[in-house]
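Because the structure is a prediction, the values reported are computed rather than measured.
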Amino acid sequence: MLINPLYQPVAGHDFADLIADYPLGIIVGSELVATHMPMLAVREPDGSVVVEGHIPLADPLHTVLAAGREVLLIFPGPSAYISPDWYTHAGLPTYDFEPVHIRGQATMMDQPALEDHLRRLIDHHENRVRPRQEGPDTAAPGSSSGPWRMNDSAEDSMHRLLRVIAGFRLRPRSVEFKSKIGQNRPADEVPITAQHLSLMRHPDARYLADLMKRVTVPRDDTDPPTDG
């Protein structure tokens with residue numbers, strides 16, 4: 001992936017944070033076979049990050065992963081259209097976005113590790129679908145007062161699922177993290193663009209706006225704006 005040197009992530013926000021917020025990724029094999037699956041970025045005790053996921057046994061990419069062949073994981077991340085009407089300097093329409101590309105070889109999980117992965121994946125999502133300040137007036141009709149928990153019926157379904165999927169762990173050989181959030185524009189435009197994005201209804205726009213508020217633009221305002 002081509003990455004302009006300007007497009008570096010803000011401090012305190014790395015590719016594991018991006019995957020935590022946007023876990024649905026694309027697994028791509030060497031023969032341009034791809035599949036979409038949710039994954040987890042797991043921080044190891046030594047500070048490194050391992051990507052965990054699962055895949056149906058019937059998926060052709062299962063054979064690729066099990067054979068230890070290198071794959072490409074793509075996490076598209078958030079994206080938002082940027083209108084030149086927001087600029088204080090001349091410019092063209094563009095997109096701001098934050099994708100991650102990871103290459104590496106997978107090792108397959110045994111059944112206990114796969115089951116543990118699925119439970120952690122469920123917990124990860126359940127803890128994020130609840131309102132930040134949940135109360136009687138914020139819960140949707142029919143929802144419980146807390147994260148959904150496995151019952152006997154769900155346990156049975158889980159054990160049936162375990163027979164037809166495989167789990168994997170991938171330690172990245174390379175990571176490309178492109179964070180295009182206004183660093184190519186004059187510094188006075190960044191907060192203006194962030195304000196416009198924060199008012200949009202799409203959550204991607206608000207996500208990028210929050211990141212943009214932390215951007216330090218490494219440019220002189222007298223330089224002509226660049227793109228790419």
Inter-residue atom distance Ile19.CD1 - Leu40.CG, 0.5 Å rounding: 9.5 Å
CA sep, side-chain torsions, deciding dist, call: Asp21, Tyr207, side-chain contact (heavy atoms from CB on, under 4.5 Å): CA-CA 10 Å; Asp21 293 329; Tyr207 187 95; 2.7 Å; yes
Backbone of Val51 reached by a side-chain donor or acceptor of Arg169 within 3.5 Å: no
Ignoring hydrogens and angles, tell me if any N or O in the side chain of Gln105 forms a donor-acceptor pair with the backbone of Gly68 under 3.5 Å. yes
If two hydrophobic side chains count as joined below 4.5 Å and joins carry through other members, does Val42 share a cluster with Met37? no
Check whether any side-chain N or O of Asn4 sits under 3.5 Å from a backbone N or O of Tyr7 as a donor-acceptor pair, and report yes or no. no
Got Leu211 and Glu98 here, is their nearest side-chain heavy-atom distance under 4.5 Å? yes
Of the non-hydrogen atoms in Ala209 and Ala194, which two are nearest, and what is the gap between them? CB-O, 3.4 Å
Check the angle between the aromatic planes of His196 and Trp86 and answer parallel, tilted or perpendicular using the 30° and 60° thresholds. parallel
Minimum heavy-atom separation for Ala11 and Arg214, please, with both atom names. O-NH2, 2.8 Å
For Gly182 and Asp96, work out which heavy atoms get closest and say how close. N-OD2, 3.3 Å
Tell me whether Tyr87 shares a hydrophobic cluster with Ile181, the cluster being built from Ile, Leu, Val, Met, Phe, Trp, Tyr side chains joined at under 4.5 Å. yes
Report yes or no: does Glu176 contribute a side-chain atom to a donor-acceptor pair with the main-chain N or O of His101 at less than 3.5 Å? no
Run the numbers on Ile102 and Leu72 for side-chain contact (heavy atoms from CB on, under 4.5 Å), then give the verdict. CA-CA 6 Å; Ile102 298 173; Leu72 169 65; 5.9 Å; no
Heavy-atom side-chain contact between Ile55 and Thr35 under 4.5 Å: yes
Could you check Glu52, Glu126, Glu115 and say which one makes a salt bridge (Lys or Arg N to Asp or Glu O under 4.0 Å) with Arg120? Glu52
To the closest 0.5 Å, what do you measure between CG (Asp188) and OG1 (Thr193)? 9.5 Å
State, yes or no, whether a side-chain contact exists between Arg69 and Glu31 at a heavy-atom distance under 4.5 Å. yes
Output yes when a side-chain donor or acceptor of Arg206 lies under 3.5 Å from a complementary backbone atom of Arg201, and no otherwise. yes
Is there a side-chain contact between Leu18 and Pro78 in this structure, where contact means two heavy atoms from C-beta onward sitting under 4.5 Å apart? yes
State whether Asp14 and Arg43 are salt-bridged, where the test is any N-O pair (Lys NZ or Arg NE/NH1/NH2 against Asp/Glu carboxylate O) under 4.0 Å. yes
Could you check whether any side-chain heavy atom of Phe168 comes within less than 4.5 Å of a side-chain heavy atom of His117, counting everything from C-beta outward? no
Treat each ILVMFWY residue as a node, draw an edge where side-chain heavy atoms are under 4.5 Å apart, and state whether Val49 and Val71 are in one component. yes
Are Phe97 and Met212 connected, step by step, through hydrophobic side chains (Ile, Leu, Val, Met, Phe, Trp, Tyr) whose heavy atoms are closer than 4.5 Å? no
Between Lys178 (side chain) and Leu2 (backbone), is there a donor-acceptor pair under 3.5 Å? yes
Could you walk me through whether Val50 and Leu170 pass the side-chain contact (heavy atoms from CB on, under 4.5 Å) test, one step at a time? CA-CA 6 Å; Val50 173; Leu170 185 145; 5.7 Å; no
Within the 4.5 Å heavy-atom criterion, are Ile26 and Val28 side-chain neighbours or not? yes
Work out which heavy atom in Lys213 is nearest to a heavy atom in Ser198; give both atom names and the distance. NZ-CB, 4.5 Å
Heavy-atom closest contact (Pro9 atom, Phe177 atom, distance): CB-CE2, 3.6 Å
Can you tell if the side chain of Ile27 reaches within under 4.5 Å of the side chain of Met39, non-hydrogen atoms only? yes
Quick one: closest heavy-atom pair of Gly91 and Pro84, and the distance? O-CB, 3.6 Å
May I ask you to decide if Glu44's main-chain N or O and Ser48's side chain share a donor-acceptor pair within less than 3.5 Å? no
Answer with yes or no whether the side chains of Lys180 and Thr94 bring together a donor and an acceptor at under 3.5 Å. yes
Atom CD of Glu70 with >12 non-hydrogen neighbours under 6.0 angstrom: yes
Counting only heavy atoms not in Glu155 (residues, nucleotides, ligands), do more than 12 fall under 6.0 Å from its CD? yes
Tell me whether His124 contacts the main-chain N or O of Ala20 through its side chain, where contact means a donor paired with an acceptor under 3.5 Å. yes
Is there a chain of hydrophobic side chains (I, L, V, M, F, W, Y, each step under 4.5 Å between heavy atoms) that links Met108 to Leu61? yes
With side chains defined as the heavy atoms from C-beta onward, is the minimum distance between Asp204 and Leu197 less than 4.5 Å? no
Test side-chain contact (heavy atoms from CB on, under 4.5 Å) applied to His54 and Leu121, step by step: CA-CA 10 Å; His54 63 281; Leu121 183 66; 3.7 Å; yes
One thing to verify: whether Arg128 and Asp123 come together as a salt bridge, which I'm taking to mean a side-chain N less than 4.0 angstrom from a carboxylate O. no
Hey, do the aromatic rings of Phe15 and Phe75 have their centres closer than 6.0 Å? no
